[in-house]
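Below: one structure, written as structure tokens.
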Amino acid sequence: MEEHLLKDRKAERALVVVFAITLAITAAAHIWTAGRKYTYHHALISTTFATCARTFAGSGLFKLHFIPDLNNPPIGPSDGYTHWPPMTSALLSVCFRVFGTSETVGHLWALAIEVTTALLVFTIACNWLGRPGGALAGAFWLVMPVTVHYGHVILAESLALALMLGAVLAVQRSRPGYAAGFVVLAVWSSWEAVLLAPALWAVAWKTKRPEHRRAASLCTVSIIGAFASVMVLYALANPVMFCDTIQTALFRMGLSKVYSNQVIGVNTLDPAIGFDAIVSRLAVNFPRMLGIFGAAALISLGLARPRGSELVFYGTGIPWMLWCVLMPNHAGAHDIEMLLAAPVASIALAWFAIGVAAKIGGRPTMKLAGGIVFAAALVSQPWIFGTDPPFESPPQMLGFAEKIRSATESDAVVLSPLISTIPLYYSERHIIRCISDLNTAQSLIPSLRKEFPRARFYWVTPLESHPWAEVKEID
């Protein structure tokens, strides 16, 4: 008996060491590449939040009334970016003020969130599966394709996901007050956190435990309050942009084919996709971003739903499933949205692996061989399935930004058919994007002169080769 316990402790310690090593390798890899340019796949998301954070850092949170601005100075009265809650940009702006604005700071911010999420997955899984299961779940999270490919992206959902897991952990430990605090911060980070309310009620319904009902009630009130506070903040500060946020939400829900009413002429920021395309993309991205093993384990956990798994499965799985149903034009269009499913998939995979190991029994050689093969298959999945290339040509985006910087003044206002935010970040110029043509741009000048009376105005057309842009001043 003592020998058996000793072996179990050794196995437990070995798995914890594997998790620690995986965590260290992940951190080292991200630190090594932290200074790279925002030119990778989904870099548009990174530059969106980095630009908002830089403007917050330069102009001040209070001066901008905590309303993110997806542009560079001069900031006009009609500017504002209300498509996402403000906390991600606000917190990142604090990092920029303390450590300076750079790609390194932005990517290390993303690394800090990834490491925190891994530790939360480890702790939540420990409370259900024990320390071996927690170590496996934490390691599986770190090597899941969606984490490997997109863990470095500056993303509002990443911060919200970590805070949502913090709420689930607080409920797991019967601390509803902490859970309520986490969900408030999560909703102020990204809209997906609102869906934690029905998830917690599903847990309470399934377990019928009074403490879960109390936690669901308190968190629901907190979520409603947090959501309403963001809505009121945005509506009072900029009613036009607030209405545009509603328009974008309708588009994401598949109820409109227009992404934004503020886009003039060019409305291809995120084209609407049909029901068949949404289903096919989700069907492809599910195993591609979670891995074959992660996807299969999640399905197995959903079918089995073993005793004690309610908080893990419903609490961490339902927000992602509801987001896919309610916001199909978002979940289907972006493979990075599978990040919301990665924690429950990694815990499901740990549950599955422990079950298989228990069935193998006391055959150490078979366990070792199976573990090595399984680990090799898991680690290789991100490179086997791969990811899409960048939407934009990196030389073209960087060249376009450099041309704008060299040809215009720091307080200039640029109008362009440009869609991407990568040149917006690197040019450090105020760019009004998605303008269809020069005639449309000229028609906007009278109203723009009222907003920016001291600015000079330029029409800039992207080119596919050097000099990358054609710049023309608009009288």
Side-chain angles (χ1 to χ4, degrees), residues 37-39 43-60 63-64 67-81 89 92-93 96 100-103 105-106 154 241 260 262-266 269 391-438 440-464 466-475:
K37 297 285 188 183
Y38 298 127
T39 54
L44 182 148
I45 302 174
S46 290
T47 50
T48 293
F49 290 103
T51 302
C52 291
R54 184 174 63 191
T55 304
F56 264 149
S59 300
K63 184 178 179 181
L64 295 176
I67 308 298
D69 278 294
L70 183 54
N71 223 319
N72 300 297
I75 301 299
S78 64
D79 285 319
Y81 183 69
S89 300
L92 182 57
S93 75
F96 283 169
T101 302
S102 69
E103 295 91 341
V105 174
I154 303 171
M241 291 305 298
S260 169
Q262 297 300 302
V263 176
I264 304 170
V266 179
L269 281 172
F391 294 122
E392 309 91 348
S393 163
Q396 183 185 24
M397 292 295 101
L398 295 177
F400 184 67
E402 181 56 35
K403 180 65 176 180
I404 292 175
R405 286 193 65 180
S406 63
T408 62
E409 304 79 20
S410 60
D411 61 348
V413 173
V414 174
L415 294 89
S416 175
L418 170 74
I419 295 174
S420 174
T421 57
I422 295 174
L424 179 68
Y425 177 83
Y426 284 109
S427 69
E428 299 183 24
R429 297 293 185 267
H430 188 106
I431 302 179
I432 300 175
R433 298 174 296 145
C434 304
I435 306 300
S436 58
D437 52 52
L438 178 57
T440 303
Q442 289 173 328
S443 69
L444 298 173
I445 296 302
S447 61
L448 289 173
R449 288 199 188 280
K450 295 178 182 179
E451 284 193 50
F452 310 103
R454 299 181 181 178
R456 297 172 70 178
F457 298 90
Y458 294 89
W459 171 252
V460 181
T461 306
L463 302 176
E464 294 184 359
H466 189 271
W468 304 113
E470 185 179 300
V471 181
K472 178 181 179 180
E473 185 171 1
I474 306 176
D475 298 325

Any donor-acceptor N/O pair, D69 side chain to C52 backbone, under 3.5 Å: no
For P423 against L418, the heavy-atom pair lying closest together: CG-CD1, 3.7 Å
Nearest heavy-atom neighbours spanning A50 and Y425: CB-CE1, 3.7 Å
Any residue meeting side chain to side chain contact (heavy atoms under 4.5 Å, CB included) with P73, in chain and number order, not counting sequence neighbours: none
Atom pair CD1/OH of I431 and Y458 - distance to nearest 0.5 Å: 13.5 Å
Which atom of T440 lies closest to which atom of S436, heavy atoms considered: OG1-OG, 3.2 Å
Exercise: identify the closest heavy-atom pair between A407 and V471: CB-CG2, 4.0 Å
Under 3.5 Å: donor-acceptor pair, side chain of Q396, backbone of L463: yes
Distance, nearest 0.5 Å, that separates CG of L44 from OG1 of T39: 12.5 Å
Test item: F457 and R449 side chains (from C-beta on) under 4.5 Å apart, heavy atoms: yes
Spacing of E402 atom CD and H466 atom NE2 [to the nearest 0.5 Å]: 9.5 Å
E428: partners by side chain to side chain contact (heavy atoms under 4.5 Å, CB included), with sequence neighbours left out: R54, R405
From T47, L398, T48, residue fulfilling side-chain contact (heavy atoms from CB on, under 4.5 Å) relative to Y38: T47
Side chains of F400 and S416 in contact at under 4.5 Å (non-hydrogen atoms): yes
Within-4.5 Å side-chain heavy-atom neighbours: R433 and T421: yes
4.5 Å side-chain heavy-atom contact, C434 and I419: yes
For the student: nearest non-hydrogen atoms of V105 and G100, plus distance: CG2-O, 3.3 Å
Side chain to side chain, Y81 and T51, heavy atoms closer than 4.5 Å: no
Atom pair CD1/NZ of I445 and K450 - distance to nearest 0.5 Å: 13.0 Å
Residues in side chain to side chain contact (heavy atoms under 4.5 Å, CB included) contact with S410, at least two apart in sequence or another chain: R429
E464 atom CD: more than 12 heavy-atom contacts under 6.0 Å: no
Evaluation steps, side chain to side chain contact (heavy atoms under 4.5 Å, CB included), between I435 and W459: CA-CA 9 Å; I435 306 300; W459 171 252; 3.8 Å; yes
Residue pair L424 / N72, side-chain heavy-atom distance below 4.5 Å: yes
Euclidean distance, S89 OG relative to I67 CD1, rounded to 0.5 Å: 11.0 Å
Test item: F49 and P68 side chains (from C-beta on) under 4.5 Å apart, heavy atoms: no
Closest approach of Y426 to A401 (non-hydrogen atoms, all atoms of both residues): CB-CB, 3.6 Å
Between CD1 on residue I75 and NE2 on residue H430, distance to nearest 0.5 Å: 6.5 Å
Test item: I432 and V413 side chains (from C-beta on) under 4.5 Å apart, heavy atoms: yes
More than 12 heavy atoms from other groups under 6.0 Å of CD on E451: yes
